[in-house]
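In this chain, numbering begins with 1 at the start of the sequence shown.
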Amino acid sequence: MIITSNAHDFRASNIAFVPTMGALHQGHASLIQQARQWSNQVVVSIFVNPLQFENKSDLEKYPRTPEKDAQIAERAGASVLWLPNPKDIYPGEVATVEPGAIGNIFEGQSRSSHFQGVLTVVKRLFDLVQPQWAIFGEKDFQQLFLIKEMVREFQIPISIMPGKTIRDSDGLAISSRNVRLSAKDRESALVISQALISAHEKETLSLMQEALEKVLSSEPLFRPDYACIIDEDTFELAIEATPNKRALIAGWVNGLRLIDNMPMKISAR
Ligand code: AMP
């Protein structure tokens, strides 16, 4: 595996690209393994993007584990680990990418300018890497949706591939931020996947919504932001007739924000 900060070291026509912010875990590894199915030129980037952080302390506290990252990336099948310098990503003025209306709801409502920061950096990374495929996790479902929209709108010739959410054995979606959960916080955080699973078992929209609320309210240490069922093709709130429903949950445990989501049963009305 090549480790470099210079995009000129790996330009190729058939790159499968996995952008990350580092602190790699099994979720990232599964995206890298998936990328290997399309190409033997898998480029993994690590760039902690200041533009997408609301407050400085969150950015500073973001975990950084460079040696472990290199091991995980290599073992999962990366051919290149790209560690771009901030000045190469943002050389002076970079055109910001506006996410539109869907960028202002759910994650965008409580984190203003978050998706503008995400799309701006992803567009810039795409310009520098010029991959054929790029893989993004369903864990950040709204991000995946907005990136697909951006690619459509700008007619960027890159196939955006979704990667399934990888969970720990207790059901918690793996996240770089989970290291900041104490054992007790983690117990509380399990309510999120439990609520999603409970909703997944229901056949009607109202039963799904009821299940989300009931399970989440059983954990006093979980402070919900939103818990709702959307139409995953439009990101609007689902109606009974929506075929592809997905439940989204966001909230805080002991000040740490967690998000998760799960597709609901296709047949469910
Ligand atoms: P991050 O480093 O958090 O910016 O994430 C980089 C990529 O990994 C994004 O596409 C995320 O959606 C994806 N990702 C994060 N956590 C998981 C997970 N548990 N399972 C699958 N993909 C994930």
Side-chain angles (χ1 to χ4, degrees), residues 1-53 59-95 97 117-140 143-144 146-148 150-151 154 156-166 174-179:
M1 184 178 77
I2 301 168
I3 301 182
T4 178
S5 62
N6 191 340
H8 291 294
D9 290 345
F10 58 79
R11 281 277 172 76
S13 60
N14 61 338
I15 289 174
F17 181 39
V18 184
T20 81
M21 297 205 297
L24 299 188
H25 51 61
Q26 285 156 273
H28 300 112
S30 94
L31 301 184
I32 299 167
Q33 285 155 0
Q34 201 175 318
R36 273 309 285 227
Q37 295 169 9
W38 297 299
S39 177
N40 56 9
Q41 282 298 314
V42 174
V43 175
V44 176
S45 66
I46 296 182
F47 182 67
V48 185
N49 175 31
L51 283 194
Q52 70 191 70
F53 283 82
L59 172 64
E60 277 156 15
K61 276 194 246 161
Y62 201 82
R64 286 163 173 88
T65 54
E67 274 122 48
K68 191 171 157 219
D69 288 352
Q71 275 178 8
I72 292 178
E74 181 155 37
R75 274 194 210 135
S79 13
V80 176
L81 181 60
W82 179 40
L83 310 169
N85 291 313
K87 66 174 175 29
D88 293 333
I89 301 296
Y90 299 124
E93 285 288 292
V94 167
V97 181
V118 170
L119 295 187
T120 300
V121 78
V122 169
K123 173 78 168 48
R124 182 76 188 131
L125 295 171
F126 283 178
D127 287 346
L128 292 170
V129 177
Q130 298 181 15
Q132 190 169 347
W133 301 271
I135 297 93
F136 293 87
E138 288 183 345
K139 161 84 170 39
D140 300 287
Q143 168 175 288
L144 171 64
L146 289 170
I147 289 167
K148 282 193 202 151
M150 174 181 79
V151 163
F154 291 124
I156 302 171
I158 299 174
S159 304
I160 303 300
M161 315 302 286
K164 291 259 165 293
T165 300
I166 304 300
I174 300 179
S175 161
S176 308
R177 289 164 200 251
N178 291 357
V179 292

Rounded to the nearest 0.5 Å, how far does [atom2] of [Y] lie from [atom1] of [X]?
{"X": "Ile135", "Y": "Arg36", "atom1": "CD1", "atom2": "CZ", "result": "12.0 Å"}
{"X": "Phe47", "Y": "Gln52", "atom1": "CZ", "atom2": "CD", "result": "9.0 Å"}
{"X": "Arg75", "Y": "Gln33", "atom1": "CZ", "atom2": "CD", "result": "12.0 Å"}
{"X": "Leu83", "Y": "Ile3", "atom1": "CG", "atom2": "CD1", "result": "6.5 Å"}
{"X": "Ile156", "Y": "Lys123", "atom1": "CD1", "atom2": "NZ", "result": "5.0 Å"}
{"X": "Phe10", "Y": "Leu128", "atom1": "CZ", "atom2": "CG", "result": "8.0 Å"}

If you look at every heavy atom in [X] and [Y], which pair is closest and at what distance?
{"X": "Ala23", "Y": "Pro63", "answer": "CB-O, 3.6 Å"}
{"X": "Gly163", "Y": "Gln34", "answer": "CA-OE1, 3.5 Å"}
{"X": "Val122", "Y": "Met150", "answer": "CG1-CE, 4.0 Å"}
{"X": "Pro50", "Y": "Val48", "answer": "CD-O, 3.1 Å"}
{"X": "Ala134", "Y": "Ile158", "answer": "N-CG2, 3.8 Å"}
{"X": "Asp69", "Y": "Leu24", "answer": "OD1-N, 2.8 Å"}

Exam field: side chain [X] to backbone [Y], donor-acceptor pair closer than 3.5 Å:
{"X": "Glu74", "Y": "Gln71", "result": "no"}
{"X": "Arg124", "Y": "Asp88", "result": "yes"}
{"X": "Gln41", "Y": "Pro131", "result": "no"}
{"X": "Ser159", "Y": "Trp133", "result": "no"}
{"X": "Ser30", "Y": "Gly27", "result": "yes"}
{"X": "Ser79", "Y": "Asn40", "result": "yes"}

Query raised in the report: Pairs in or reaching into residues 4-24: which pass side chain to side chain donor-acceptor pair (under 3.5 Å), with residues at least two apart or in two chains?
Result: Thr4-Asp9

Query raised in the report: Side chains of Asn49 and Tyr62: donor-acceptor distance under 3.5 Å anywhere?
Result: no

Query raised in the report: With under 30° as parallel and over 60° as perpendicular, where do the rings of Trp82 and Phe17 fit, or are they tilted in between?
Result: tilted

State, with a plain yes or no, whether a side-chain heavy atom of [X] is found less than 4.5 Å away from one of [Y].
{"X": "Glu138", "Y": "Leu144", "result": "yes"}
{"X": "Ile72", "Y": "His28", "result": "no"}
{"X": "Ile89", "Y": "Val121", "result": "yes"}
{"X": "Val80", "Y": "Val42", "result": "no"}

**Report entry** Stepwise side-chain contact (heavy atoms from CB on, under 4.5 Å) check, Ile15 with Val129
**Finding:** CA-CA 8 Å; Ile15 289 174; Val129 177; 3.9 Å; yes

Report task. Give the C-alpha distance, both sets of side-chain angles, the deciding distance and a yes or no for side-chain contact (heavy atoms from CB on, under 4.5 Å) between Ile147 and Leu119. Result -> CA-CA 7 Å; Ile147 289 167; Leu119 295 187; 3.8 Å; yes

